[in-house]
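Inspection log for the structure reproduced underneath, given as C-alpha cells.
Both backbone and side-chain heavy atoms feed into the values below; hydrogens, waters and symmetry mates do not.
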Amino acid sequence: MRTIDELLAPPAARDHFADTRPGCHARLRACEQDADRLRHFTSYLIPPAFRTHSYTMALRESDALYAHLPWTTHHPSQPAAEVIGPDSPSGHEGTHLWLPTTGLTTTDTTLILDASVLRRTVVPPGVLAEQLRALRDTAHHGRLTLRVLPLTAGASGYPGALTEITRRSTRLYAQPATHWISYSTAGPTAISAEWCFVNSENDALCPEGSLAAVEEAAVQLAQLAEREATASWFS
C-alpha cells in the first residue's frame, strides 16, 4: 500500500492526477492513517472512515444508494467500493467506527456534515440514529471534531464527498469515484477544494452547536424508527 509520499512521487507529482489501479481505496485509507491532519466534508453520505457496521451493511442493501448517488453512475449490480466501507466487516458489530477507533493515528480530525446528511434516510432511520450517536460519542471522547453546516449556509460546501489530507508540508485533496480516486495538490481543483473547507468551517455551527444538532436529529430519527416499527407490528 502506497503512502502519501509514494502518491506524490514522480510521475504522479503534478497538480491533478488519478489513482486508477486496483486497491486505490485501500491506499486512500492508508494515506488517511498516515496524516498529521484530516478534514472530511460530505453533503450526502457518512464517509467510509466514520461509518458504523450497521450503516455500512444498510448501504449495501439500499437501492436508493445506487439510484441517487451524485458522484457515480454505475449500475446497481456493480459494487461501489468507495461507499460501503471495509471489505471484510466480520467481527465488527453495532456502533463500531472503522478508523477513528481502530488505527487512525492523527488526533486532528474534522468531519464537516452538510445538515441534509442528518436527515437523509438512504438507510433506515434507526440505523442513521445509531450512526449519528456513534459520531457524537467519538467527538465527546476527543477523537473527532464534528461540525454541521446549516442549510442556510447556501453554497459553502461541496456537492459530494471531499477529503483533505495534510502531512508535513504536503496538502492533498482526494475526491472518491467508483473505481478510482482523484487527487489534487495545486491548481484550480485544489483551490476550489480549499475554498470548500475554509468556507464550510467558517459557516458551520460551533462544535457544541454541531453536537446538539446531531443529537436532535438522532432523537427524531429514533422516534421515527419507533413509529415505523409500531405501525409495522399492528399491520
Side-chain angles (χ1 to χ4, degrees), residues 1-21 23-51 70-71 81-83 85 97-100 102-114 117 135 138-139 142-149 153 155-207 210:
M1 293 172 64
R2 295 183 297 177
T3 62
I4 292 177
D5 285 337
E6 291 171 307
L7 279 172
L8 293 177
R14 51 187 181 271
D15 290 353
H16 187 82
F17 59 95
D19 184 2
T20 60
R21 298 194 301 173
C24 58
H25 294 94
R27 285 189 287 277
L28 174 58
R29 288 196 291 271
C31 288
E32 291 172 344
Q33 291 177 333
D34 201 32
D36 297 322
R37 180 194 187 197
L38 280 174
R39 289 196 293 182
H40 297 262
F41 177 87
T42 180
S43 63
Y44 195 74
L45 298 174
I46 303 297
F50 303 96
R51 291 176 188 164
W71 56 84
E82 87 285 3
V83 297
L97 294 185
W98 295 114
L99 288 181
T102 59
L104 189 62
T105 56
T106 177
T107 58
D108 189 357
T109 304
T110 299
L111 173 59
I112 307 169
L113 297 170
D114 186 279
V117 178
L135 290 173
T138 303
R143 293 191 293 266
L144 173 69
T145 299
L146 197 59
R147 304 291 301 276
V148 172
L149 183 65
S156 296
Y158 181 84
L162 187 65
T163 298
E164 180 190 74
I165 303 168
T166 301
R167 181 172 178 267
R168 299 175 187 155
S169 59
T170 299
R171 184 176 296 169
L172 184 65
Y173 295 98
Q175 299 167 262
T178 308
H179 300 297
W180 66 87
I181 305 294
S182 177
Y183 292 97
S184 57
T185 58
T189 303
I191 292 172
S192 176
E194 182 180 13
W195 179 91
C196 163
F197 282 109
V198 170
N199 285 276
S200 60
E201 282 207 81
N202 286 340
D203 293 341
L205 301 175
C206 67
S210 296

query = Do His16 and Tyr183 make the cut of ring centroids closer than 6.0 angstrom?
reply = no
task = Would you check if Glu194 and Arg171 make a side-chain contact, meaning some heavy-atom pair closer than 4.5 Å?
result = yes
inquiry  = Could you go through Leu144 and Leu135, starting from their C-alpha distance and side-chain angles, then the distance that decides it, and tell me whether this counts as side-chain contact (heavy atoms from CB on, under 4.5 Å)?
reply    = CA-CA 8 Å; Leu144 173 69; Leu135 290 173; 4.2 Å; yes
Shortest non-hydrogen contact between Ile181 and Pro176, atoms and distance = CD1-CA, 3.9 Å
note = Taking every heavy atom of Gly160 against every heavy atom of Ser43, the minimum-distance pair comes out as N-OG, 2.8 Å
request  = Starting at CZ of Arg29, measure out to OG1 of Thr163 and round the result to the nearest 0.5 Å.
outcome  = 12.0 Å
ask   = Which is it for Thr189 and Asp15 under the side-chain contact (heavy atoms from CB on, under 4.5 Å) test, yes or no, and what are the steps along the way?
value = CA-CA 8 Å; Thr189 303; Asp15 290 353; over 6 Å; no
Derivation of the side-chain contact (heavy atoms from CB on, under 4.5 Å) call for Val117 and Ile46 = CA-CA 8 Å; Val117 178; Ile46 303 297; 3.8 Å; yes
ask   = Is the shortest distance from a Lys or Arg side-chain nitrogen in Asp36 or Arg168 to a carboxylate oxygen in the other one below 4.0 Å?
value = no
message = Using 0.5 Å steps for rounding, measure from the CG atom of Asp114 to the OG1 atom of Thr42.
response = 8.0 Å
inquiry  = Just so I know, are the side chains of Thr145 and Thr109 near enough to count as touching, which here means a heavy-atom distance under 4.5 Å?
reply    = no
task = May I ask you to decide if the ring planes of Phe50 and His40 are parallel, tilted or perpendicular, using 30° and 60° as cut-offs?
result = perpendicular
query = Could you give the distance from CG (Leu172) to OG1 (Thr170), rounded to the nearest 0.5 Å?
reply = 8.0 Å
key: Polar side-chain atom of Asn202 near backbone of Val198 as donor-acceptor pair, under 3.5 Å   = yes
message = Show the nearest heavy-atom pair for residues Val148 and Ser210, with the distance to one decimal.
response = N-OG, 2.9 Å
request  = Measure the spacing between CG of Asp108 and CZ of Arg39 and express it to the nearest 0.5 Å.
outcome  = 9.0 Å
Contact summary for Ser200 and Leu149, nearest pair of heavy atoms = O-CD1, 3.6 Å
request  = Mind running side-chain contact (heavy atoms from CB on, under 4.5 Å) on Ile165 and Tyr173 for me, showing each step along the way?
outcome  = CA-CA 6 Å; Ile165 303 168; Tyr173 295 98; over 6 Å; no
ask   = Can you tell me how far the OG atom of Ser182 sits from the CG atom of Leu162, to the nearest 0.5 Å?
value = 10.0 Å
task = Give a yes or no answer on whether the side chain of Arg147 reaches the backbone of Leu205 with a donor-acceptor pair at less than 3.5 Å.
result = yes
ask   = Can any side-chain N or O of Ser184 pair as donor or acceptor with the backbone N or O of Ala186 at less than 3.5 Å?
value = no
